[in-house]
Amino acid sequence: MPTLIAHYAQCRRLLCQAAKRRERITYGALATALGLKSPRQEWNTVLGPIAADLPANTGHDLTLVVVYASGPAKNLGRYFSNIRGGAAPQSGTLDPLNAQQVAAYVQALDQVFNRYANVQC
């Protein structure tokens, strides 16, 4: 699959708008909004750079708003790294069966929502 880096600005804006509304966006909805035919993409090629760039500016990983629409990880993201604790973005996979990880993810997502509430996208 090709890289999605050409969609960086549009993707970042869509994630920012979702965070402002305190909403999660599914991979499928994100693909549709970007004009992609399938939600099955090399998401790391665009979400990775966004995850790496934004914490330096805002202290929060905006890519946490991108979630699965179904399955055991429904409403959860694929990755969760303790960026505020110094971990590299996307260095840890979120285990939906690990209650401690899920609680940390939910707390970090709430912090993203709070941080982006008044940001101009």
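None of the values given here were measured: they were computed from a predicted structure. Side chains are part of it too, since the values below use all heavy atoms of this structure and drop only hydrogens, waters and symmetry mates.
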Closest heavy-atom contact between [X] and [Y]?
| X | Y | answer |
| --- | --- | --- |
| V102 | P96 | CG2-O, 3.6 Å |
| Y116 | A19 | CB-CB, 3.7 Å |
| C121 | Q17 | SG-N, 3.5 Å |
| K20 | A117 | NZ-O, 3.3 Å |
| A31 | S38 | CB-O, 3.5 Å |
| T63 | L47 | CG2-O, 3.4 Å |

Side chain to side chain contact (heavy atoms under 4.5 Å, CB included) evaluation trace for I25 with V67: CA-CA 6 Å; I25 186 169; V67 298; over 6 Å; no
Within-4.5 Å side-chain heavy-atom neighbours: [X] and [Y]:
| X | Y | result |
| --- | --- | --- |
| L76 | L94 | yes |
| N75 | Y68 | no |
| R24 | L109 | yes |
| I5 | T45 | no |

Residues that L34 engages under side-chain contact (heavy atoms from CB on, under 4.5 Å), provided they are two or more places apart: H7, Q10, C11, L14, L30, L36, W43
Gap separating the CD1 atom of I50 from the CG atom of N44, nearest 0.5 angstrom: 12.0 Å
Note: D110-R22 ion pair, threshold 4.0 Å (strictly below): yes
Residues in ring-ring contact (aromatic ring centres under 6.0 Å, His included) contact with F113, at least two apart in sequence or another chain: none
Residues that E23 engages under side-chain hydrogen bond (donor to acceptor under 3.5 Å, both in side chains), provided they are two or more places apart: R21
